[in-house]
Structure formats: C-alpha cells, structure tokens
Amino acid sequence: MNDILPDQSPLWRYLESTVERVLGQYAYSEIRLPVVEKTELFKRSIGEVTDIVEKEMYTFNDRNEESLTLRPEGTAGCVRAAEEHGLLYNQVQRLWYRGPMFRYEKPQKGRYRQFHQIGVEAYGMGGADIDAEVIMVSARLWQQLGLANAVTLQLNSLGSNEARSLYKSALVDYLSGYRDQLDEDSQRRLSSNPLRILDSKDERTRLILAEAPVLTDYLDDESREHFATLCGHLDRAGIAYEVNPRLVRGLDYYCKTVFEWVTDELGAQGTVCAGGRYDGLVNQLGGRPTPAVGFAMGVERLILLLEALECFPASLRVPLDLFLAAEHKGLQADVVALAEQLRNALPQLRVMIHCSGLKNINNKARQTGAPLIVLLKQDPEQVLATLWRGEERSEPMPAAALIEALQATETACRS
Ligand code: ATP
Ligand code: MG
C-alpha cells in the first residue's frame, strides 16, 4: 500500500481531470461507492474459484459477526448500488467511479495491495454500439494523454453461456491429456474453472495452450454477429485492435466482448485497462436481466506509463506560480497583506510567501522553481516590489503597479 506524496499528486490529478473531461464528452455520470461491501456480494459476482475470491480478498468479521470485504474491484458494488436505488429499472445508465481497491497479492512494480481504479459501467444497452462506445472512451483517453502509441487493444468474444460450456468441455478434453505437465493452479482449475487456465502465466502451461482448441470456433451465431458489428464500429472509428482468441478475463461474469489495453513499457504488468460485457451479472445478483458492459483501468500503471514516457506537461512539477518574499523580517506584514491582494486580484495564481527575510533571490526563491518571484524592499517612503521573470527583472514598483503588471501577463498568457 503506497503513500502518494506531494510531488506525485499533481500527476494523479492531471490524469483524473483528463479522465473526467473525456467521460463528460460521452455523458457518463459519476457514482461514489463504499469501500466495504458484504463478502457474499463478491463471492456471488466475481466467482468462488477465481484468484480474487480464492486468495486475494481482505475479509473480516465486523462486531456483529457479519463477513465484510474491502472491495477488490468496482463492478459488483456498482451493480449492487444501481439495483438498490432503482437505477436500472426501465432505463439506461452510463456510470463511472474511481477509488482504491484492495487485493492481497504479491507486491511488485505495477501490482499493489491497495491500488486505484477508474471504472466505467453502462447498463441497459445490449448492442455492439455500446461496447464500441466504452472502447472509444478509453481510446480517446489514451489520445488525450499522449499514450495512444504506447498501448494496443486486444479483443475477443467469450460468446454465450452455451457456447462457453461447449468450448469448456473441448478444452478440458484437450488439457486432460497434459494434466501432469500443467502448473498446480491449472491442474486444480481443470475441474473447477478450466477457462481461467487460458490466463495462466506459467510458461509450460502456455506452451501446451498454444495447441489448444480456440473459443472462436465454438461461438454462437448471435455472439459472432455482435463481435462483427463491434469490429465494424472500431474499424470505422480508426481504432486498431488485435483479435486474441485466448483472451479471457480473471472474473467469472463476462460474456461476449472482452478487451484489454496492453503496453510493452511496464514489463510483466502490461495491462492498463480491461473490461467487457457482463449481461448475466445483474440477474445473477437478484435484479432483472440487464445487459451491461464496462471496464476498469489501473491508475498506478497509467501513472507509471505517463512517467516512463514523460507524457505530462512539465509545469505539473512546479507547485506554485509566484514566490513572494521581502528583504528583511520587518516587512512580514506587507508580505502577508500583498499576498492576499494578489490572491483577490488573480484567483488562478498559486502564491507562496516567505516571511523570514531574504537577502537575494538566488537561493531560496530560485529553488522553489516558481516562474515569478517578487521581492519587497523598504524604500524611504513606501514598500516597493521587484518582479523577476527568470533573469528578467523589473524596476521596483508599488503594489498596485505590480498587480497591474501581473494581470497584463495573465491576459497575454490566456490569449
Ligand atoms: P492482472 O492480470 O494484471 O492481475 P486483473 O485481470 O486482475 O489484472 P482487473 O481485475 O481486470 O485486473 O483490473 C483492471 C485493471 O486494474 C488491471 O488491468 C490493472 O491495470 C489494474 N490492477 C489490477 N490489479 C492490480 C494491482 N494489484 N495493483 C495495481 N493495479 C492493478
Ligand atoms: Mg489479478
């Protein structure tokens, strides 16, 4: 679990505000959900024999002996809330959420026990257009963040439940011939959850899988058509993708479309965003059958990617615009008062003051990185301010003139 320190938080805010802007373009509304839910909810939605439920959840009993869990993902809670508040009744919903998720995993670069996701969920729409829309949301986001060339889209269809169970038996038949050579988890999954074996990271298992039957050959007509329509939408939007018939997701609730955005820049933890269609989940959790599609992106991995590629405005690293100090301590009251005047006149300006006196601006003031530095000094009659923009230095002037000069600069910057 990580602290996000002051030199990191501007990058987080930059990412979050970019996401917010893009989601606004597609008219998605934010939903804020609790961090804790009943354990039952995750068992029923994610699936009993998934990595998450088997070994990654932070589960505890509260004082009332009720089993609760720190949410390992956002979709289950989102469905629970939408259902509980009647948001899914005879209407469509386009929702998004953000926040910390918790999984007891082996920590490594890009994999943490408390991590953050931003997720998108769309309910009540069964057509491939909405699958395309959520993918377009993510594609536009990569574009806005300057990451478009660093990520690729992997796409697959898991088909209907019937198609999947046909495929499952074919896969089990094939893998049973290699039972002894599979990794331990996969051997166990052969009877509990064979599809998840496709997601195994074990090298020997992956070799065996290379020759395994592929899901695509078992797809039902409706899923096939849905997938073809989706591909058509993406082609027309100019969004490149790679059909990966072995792509499955780590959670049980997906059907039809699944997708992942992956990058080569982060080593083994290359998936920055993952999602798909989950038409069965609302019904499975007690609601009416409701088509649904969504995705979640890993904020830490996106931050790592932005840093690795230096894809952010350099100004993000500078926490202030103007540093205000005086030659000596005696001018403390003037510093405090002028700073407030500046904040009144220029609400966008980030002003930091230094009251204990400063002989020259070459040390402290420069170190702050502020593009604007103001130094006050006592002239016989009045206090005067000198404004530094880099090496360029103004004549000493009274406060009113300083404010005017800064306002002029701001107007010039804006236009
Ligand atoms: P992985 O295969 O990397 O374990 P997953 O299938 O478990 O991922 P999802 O549950 O689909 O991941 O979560 C969506 C995204 O959240 C992932 O693609 C990843 O970017 C991020 N994510 C998942 N688990 C972690 C974690 N422990 N630490 C940081 N980010 C994570
Ligand atoms: Mg995982």
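Not measured: the values here are computed from a predicted model. Just follow the structure's listing: the first ligand is 1, and inside any ligand the first atom is 1. Position 1 is the first residue of the sequence, and the numbers go up from there.
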Pull out every atom of ligand 1 sitting under 4.0 Å from any heavy atom of [X], numbered as shown with elements.
{"X": "Glu105", "answer": "24 (N), 25 (C), 26 (C), 27 (N)"}
{"X": "Thr271", "answer": "17 (C), 18 (O), 19 (C), 20 (O)"}
{"X": "Ala296", "answer": "14 (C), 15 (C)"}

Problem - Pair Arg206 + Glu203, salt bridge at N-O below 4.0 Å - result: no
Handout entry: Salt-bridge contact Arg103-Glu73 (side-chain N to carboxylate O under 4.0 Å)
Key = no
Problem - Closest candidate by heavy atom, reference atom 2 (O) of ligand 1, pool Lys201, Glu73, Arg301 - result: Lys201
Practice task
Ignoring hydrogens, just give me the one of Tyr254, Phe115, Trp261 whose non-hydrogen atom is nearest atom 23 (C) of ligand 1.
Solution key: Phe115
Please tabulate, for the side chains in residues 261-270, all donor-acceptor contacts under 3.5 angstrom to protein atoms that are two or more places apart in sequence or on a different chain.
| unit_1 | atom_1 | unit_2 | atom_2 | d |
| --- | --- | --- | --- | --- |
| Trp261 | NE1 | Ser138 | OG | 2.9 |
| Thr263 | OG1 | Ala150 | O | 2.9 |
| Thr263 | OG1 | Glu265 | N | 3.1 |
| Gln269 | OE1 | Arg111 | NE | 3.4 |
| Gln269 | OE1 | Arg111 | NH2 | 3.0 |
| Gln269 | NE2 | Gln108 | OE1 | 3.3 |
| Gln269 | NE2 | Lys109 | O | 3.1 |

Practice task
Heavy-atom distances under 4.0 Å are what count here, so tell me which part of Glu260 touches ligand 1: side chain, backbone, both or neither.
Solution key: neither
Exercise for the section: Check each heavy atom of Val272 against ligand 1 and say whether those closer than 4.0 Å belong to the side chain, the backbone, both or neither. Expected result: backbone
Exercise for the section: Answer whether the closest heavy-atom distance between the side chains of His226 and Arg277 falls below 4.5 Å. Expected result: yes
Exercise for the section: Indicate yes or no: at least one non-hydrogen side-chain atom of Val258 is less than 4.5 angstrom from one of Val248. Expected result: no
Handout entry: Qualifying residues under side chain to side chain contact (heavy atoms under 4.5 Å, CB included), relative to Pro107, sequence neighbours excluded
Key = Arg113
Handout entry: Test item, Arg103 contacting ligand 1 (heavy atom, 4.0 angstrom)
Key = yes
Exercise for the section: Could you walk me through whether Ser200 and Asp183 pass side-chain hydrogen bond (donor to acceptor under 3.5 Å, both in side chains), step by step? Expected result: CA-CA 9 Å; Ser200 168; Asp183 62 282; 3.3 Å; yes
Problem - Backbone or side-chain N or O of Glu300 under 3.5 Å from ligand 1 N or O - result: no
